[in-house]
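These notes are about the structure you will find just below.
The structure displayed is predicted, hence computed values, not measured ones. The chain is numbered in sequence order, starting from 1.
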Amino acid sequence: MGNRFICMTKKEVKENGSKSKRVGRSQRKLLAEEDFLHRQALSMALHQHQLSQRFDGSMSRRIGSTSSRRRNPSDDPLSNGKQVPEFLENVKTKKFVLIHGEGFGAWCWYKTIALLEESGLLPTAFDLTGSGIHLADTNSVATLAEYAKPLIDFLQDLPEDEKVILVGHSSGGACISYALEHFPQKISKAIFLCATMVSNGQRPFDVFAEELGSAECFMQESKFLIYGNGKDKPPTGFMFEKEQMKGLYFNQSTTKDVALAMVSMRSTPLGPIMEKLSLTPENYGAARRFYIQTLDDRALSPDVQEKLVRENPPERVFKIKGSDHCPFFSKPQALHKILVEIAQIP
């Protein structure tokens, strides 16, 4: 080794030195990018907090399209001047309502909203009670009706002749099941995105039971439970630690999206996911349901998702390869393609 070093030519020494400098610059650049992403995510979270001052506790943040009027592509910065796709002429329902899962908020759909709007569709996302920048205390949300109230209010306010396509992620699937039961006439299609598509008499938590253990064990032993009313009272919510969340939810997501999630996610109310749903054949049973499976999911495994569609068969099943539990982060283009395809189904 010593002789090799002594016999190196000036050219080799120069090349090795340049390579070392390049590696050093690369590492410094990576660290700078990580620091920038962290600061950017913190800035976004602060901006969300500032926005929340404009709302009272009974309101939630809504982002995306709020009008059914077709936009002029030249007026929409997301469209880049593109013509509205011809397929839209055959799409009966253009309004999408995007419902987030546990811990998330309307913010998690930012890529999906941009892609759907660019296609000429009309997406809307809002915070469920106690989520995102909704000002309600998570610990005060005890029932599924309370948790889903922003969605229910939205559907109640829809004109008689309008319908929407609902998309529910993870435990948000229970919210769209609840909506299908109570407002079947307002919903054209329901899309369960790696979601809790429960059957009658089943709790949303039951879907996760194989991953987390029985409800009884979870309630007695889980270190993730929150006791908002005091240790001597039943738990009111739960939230995984950051490292746990990264492993469960974001094993394929970008560093930027993980950084955003880490400063934006909130605790999840426990009552709604422990509540048994009452679903009837006349309402829920008659709905058009679709399921999107995520095949690299660690929060709701592909086997559990497969079991859900076997026990409660939807109209069609779609699959996204290489996606973690958050395809709106890890596979936004693939998710968008499937949503557009479902919108076109007669």
Side-chain angles (χ1 to χ4, degrees), residues 63-65 78-79 82 84-101 104 106-125 163-177 179-180 187-197 207 249-254 257 287-310 312-346:
I63 58 177
S65 304
L78 293 171
S79 68
K82 296 179 182 178
V84 175
E86 290 183 8
F87 78 82
L88 282 181
E89 300 300 329
N90 300 319
V91 173
K92 189 174 181 180
T93 304
K94 299 180 177 64
K95 283 189 175 181
F96 279 79
V97 179
L98 310 172
I99 306 301
H100 63 81
F104 293 89
W107 53 269
C108 74
W109 297 106
Y110 76 96
K111 293 180 182 179
T112 305
I113 288 172
L115 291 167
L116 289 173
E117 286 185 336
E118 187 175 20
S119 296
L121 295 165
L122 303 169
T124 297
K163 290 188 176 185
V164 297
I165 297 174
L166 293 187
V167 183
H169 171 243
S170 199
S171 64
C175 293
I176 64 174
S177 293
L180 286 171
I187 302 163
S188 170
K189 296 166 185 171
I191 303 172
F192 293 78
L193 176 59
C194 50
T196 52
M197 187 173 63
V207 176
Y249 292 97
F250 310 115
N251 51 296
Q252 298 294 327
S253 297
T254 66
D257 287 324
R288 300 189 67 185
R289 291 177 292 110
F290 300 82
Y291 200 97
I292 302 177
Q293 296 180 349
T294 42
L295 301 186
D296 200 12
D297 196 326
R298 296 177 183 172
L300 195 65
S301 72
D303 288 343
V304 172
Q305 294 181 49
E306 192 66 39
K307 182 181 178 183
L308 286 175
V309 300
R310 278 199 316 270
N312 193 6
E315 185 173 322
R316 283 185 62 181
V317 177
F318 298 82
K319 300 182 180 184
I320 303 180
K321 294 180 180 179
S323 174
D324 54 25
H325 195 58
C326 302
F328 40 75
F329 287 161
S330 58
K331 291 289 183 178
Q333 295 286 353
L335 173 59
H336 168 253
K337 183 179 179 181
I338 292 172
L339 295 180
V340 171
E341 183 176 345
I342 293 174
Q344 295 178 77
I345 296 174

Completion exercise
Residues G101 and S171: closest non-hydrogen pair is C-OG, 3.9 Å
Practice task
Grab the two heavy atoms, one from K319 and one from I338, that are nearest each other, plus how far apart they are.
Solution key: O-CD1, 4.3 Å
Handout entry: Student check: side-chain heavy atoms of W109 and F96 closer than 4.5 Å
Key = no
Practice task
First locate atom CG of D303, then atom CG of D297, and finally report the distance between them rounded to the nearest 0.5 Å.
Solution key: 11.0 Å
Problem - Residue pairs fulfilling side chain to side chain donor-acceptor pair (under 3.5 Å) with at least one residue in residues 333-346, sequence neighbours excluded - result: S119-H336, R316-E341
Completion exercise
To the nearest 0.5 Å, atom NZ of K189 lies from atom CG of L339 at 11.0 Å
Exercise for the section: Please examine the side chains of P327 and C194, heavy atoms only from C-beta on, and report whether any two atoms are closer than 4.5 Å. Expected result: yes
Fill in the blank from the handout: The reported gap from CG in L88 to CG in L121 (rounded to nearest 0.5 angstrom) is 5.0 Å
Completion exercise
Heavy-atom nearest pair, K94 first then V91, reads NZ-O, 2.9 Å
Problem - Check: L295 main-chain N/O paired with K321 side-chain donor or acceptor under 3.5 Å - result: no
Exercise for the section: May I ask you to decide if the ring planes of F104 and Y249 are parallel, tilted or perpendicular, using 30° and 60° as cut-offs? Expected result: perpendicular
Problem - Any donor-acceptor N/O pair, Y291 side chain to A195 backbone, under 3.5 Å - result: yes
Handout entry: For V97, the option from I165, I187, L166 that meets side-chain contact (heavy atoms from CB on, under 4.5 Å)
Key = L166
Exercise for the section: Taking the side chain as every heavy atom from C-beta outward, state whether K111 and L335 have any pair of such atoms under 4.5 Å apart. Expected result: no
Handout entry: Residue pair I191 / I176, side-chain heavy-atom distance below 4.5 Å
Key = no
Exercise for the section: State, yes or no, whether a side-chain contact exists between L308 and F192 at a heavy-atom distance under 4.5 Å. Expected result: no
Exercise for the section: Without swapping roles, check the side chain of K331 against the backbone of I320 for a donor-acceptor pair under 3.5 Å. Expected result: no
Practice task
Step by step, work out the side-chain contact (heavy atoms from CB on, under 4.5 Å) result for K95 and T124.
Solution key: CA-CA 8 Å; K95 283 189 175 181; T124 297; over 6 Å; no
Practice task
Any chance you could measure N251, atom CG, to S330, atom OG, to the nearest 0.5 Å?
Solution key: 8.0 Å
Practice task
Grab the two heavy atoms, one from P123 and one from L98, that are nearest each other, plus how far apart they are.
Solution key: CB-CD1, 4.3 Å
Exercise for the section: Examine distances only and state if a side-chain atom of Q305 and a backbone atom of T294 form a donor-acceptor pair shorter than 3.5 Å. Expected result: yes
Practice task
Please name the pair of heavy atoms, one in C108 and one in H100, separated by the smallest distance, quoted to 0.1 Å.
Solution key: SG-CB, 4.0 Å
Problem - Spacing of I292 atom CD1 and H169 atom NE2 [to the nearest 0.5 Å] - result: 10.5 Å
Problem - By side chain to side chain contact (heavy atoms under 4.5 Å, CB included) - contacts of S170 (at least two apart) - result: E102, F208, H325
Practice task
Determine the minimum heavy-atom distance between S253 and F329, stating which atoms define it.
Solution key: OG-CB, 3.6 Å
